[in-house]
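To start, the structure under review is shown below, and the notes come after it.
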Amino acid sequence: MLYKPASWKTNEDIVREWDAIAVQRLDQIDSGRDSSFTNILAPMMLRAVSEGVQSSVLDLGCGSGTLTEMMAERATRVTGVDPSSKNIELATQHHSPPNVNYVCATAEAFNNEMSVGFDVVVANMVLMDVVDLAGFLGAAFRNLNPGGRFFATIANPDLWPEYWGYESAPWFDRRSETPIEGPFVISEERSKLVTTHIHRPVRSYREAFAAIGFEETNIVELLAPSLSSLDNDVPEMLPRFLFISAVRSGFEPGV
Ligand SMILES: C[S@@+](CC[C@H](N)C(=O)[O-])C[C@H]1O[C@@H](n2cnc3c(N)ncnc32)[C@H](O)[C@@H]1O
């Protein structure tokens, strides 16, 4: 079994994992070897960000900044926030056009020093790695201008357990929130380094978005080839990811 249950971790524990894997992730993404990032996730996010007029974007959990820089071609300014100092260092070195700035902080602790909020907040493949989901979503909401949109992608919790073989493990209950450790895997490449994700049923995400005050929360499946069929002429397509969009209502009480 590649995956095993873990204790609930602190943000410091999570940051140590992402610091350790940062150089490897930058290389996987920028070389195009992370085919899900290149072919599915980044195009989806770029389409979403490009829907509005030129806008300001907050990239929460920006990692080593590849997507942050791509979004900067479609936005007036982009701020990338990540608590992993190694990722912020790499992002600053490799993906720093003039309209991007990076801040090393958790989303929860991020303090926007500008006098205005953001039109769009994104979190690409971050929410399932976040310990305090309510705190993270609260930060996304707080930093959005009224009427602003939040876009996120996550690994599909309805597929992941079966896909990675722990669905029938005695410790696993798909209805509960469970921290799980395992090797970081992209297209046929398995890292020796371990990261933690939190299994949360889709219902938990819906409830968390509603509790924060997001409206029009919409969750759609993104199809991607299964890793075992990548080289097939006709790959097997599975709903490996979810795309979540939500709106911070333009209605301000008392205005
Ligand atoms: C799978 S990586 C995704 C990185 C990037 N968004 C991308 O598309 O390559 C998850 C990132 O979430 C960050 N992260 C974890 N907890 C966080 C938190 N509370 N606030 C902001 N970022 C967090 C990690 O440091 C890591 O860089």
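Numbering of ligands and ligand atoms starts at 1, following listing order.
The backbone N or O of M125 sits less than 3.5 Å from a side-chain atom of T153, completing a donor-acceptor pair. With R248 contributing its side chain and G148 its backbone, the two residues share no donor-acceptor pair below 3.5 Å. Between the side chain of D27 and the backbone N or O of V23 there is no donor-acceptor pair closer than 3.5 Å. Between the side chain of S96 and the main chain of Q93, no donor-acceptor pair closer than 3.5 Å is present.
Checked by distance only, ligand 1 and G61 come closer than 3.5 Å through their nitrogen or oxygen atoms. Geometrically, ligand 1 and L67 share no nitrogen or oxygen pair separated by less than 3.5 Å. At under 3.5 Å, a nitrogen or oxygen of N124, whether backbone or side chain, sits near a nitrogen or oxygen of ligand 1. Ligand 1 has a nitrogen or oxygen under 3.5 angstrom from a nitrogen or oxygen of D82.
At least one heavy atom of V126 sits less than 4.0 Å from an atom of ligand 1. A heavy-atom separation below 4.0 Å is not found between V81 and ligand 1. Within the 4.0 Å heavy-atom shell around ligand 1 one finds F37.
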Does R16 form a salt bridge (Lys or Arg N to Asp or Glu O under 4.0 Å) with D19? I'd like the steps, not just the answer.
CA-CA 5 Å; R16 263 194 295 278; D19 272 346; over 6 Å; no

List the steps and the verdict of salt bridge (Lys or Arg N to Asp or Glu O under 4.0 Å) for E181 and K9.
CA-CA 11 Å; E181 276 179 1; K9 303 205 170 175; 2.6 Å; yes

Could you go through L144 and F141, starting from their C-alpha distance and side-chain angles, then the distance that decides it, and tell me whether this counts as side-chain contact (heavy atoms from CB on, under 4.5 Å)?
CA-CA 5 Å; L144 273 173; F141 190 90; 5.7 Å; no

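You'll find the ring centres of F241 and W160 outside the 6.0 Å limit.
At a heavy-atom cutoff of 4.0 Å, ligand 1 is contacted by the side chain of E108 but not by its backbone. In I29, the part holding a heavy atom less than 4.0 Å from any atom of ligand 1 is the side chain. Counting heavy atoms under 4.0 Å from ligand 1, residue A123 does not touch it at all.
Closest protein heavy atom to atom 20 (N) of ligand 1: A107 N, 2.9 Å. The protein heavy atom nearest to atom 16 (N) of ligand 1 is V130 CG2, 3.9 Å. For atom 15 (C) of ligand 1, the closest non-hydrogen atom on the protein side is I14 CG2, 3.9 Å. Remark: minimum distance from atom 23 (C) of ligand 1 to any protein heavy atom is reached at P83 CD, 3.5 Å.
Distances below 4.0 Å separate heavy atoms of T106 from the following atoms of ligand 1: 19 (N), 20 (N). The atoms of ligand 1 that sit less than 4.0 Å from any heavy atom of D129 are 1 (C), 10 (C). Of all atoms in ligand 1, numbered sequentially from 1 with element shown, those under 4.0 Å from a heavy atom of M125 are 1 (C), 2 (S), 3 (C), 10 (C).
Note on R25 versus D34: salt bridge recorded, some NZ/NE/NH1/NH2 to OD/OE distance being below 4.0 Å.
Side chains of H199 and D173: no donor on one and acceptor on the other come within 3.5 Å. Judged purely by distance below 3.5 Å, without hydrogens or angles, the side chains of N87 and D82 never pair a donor atom with an acceptor atom.
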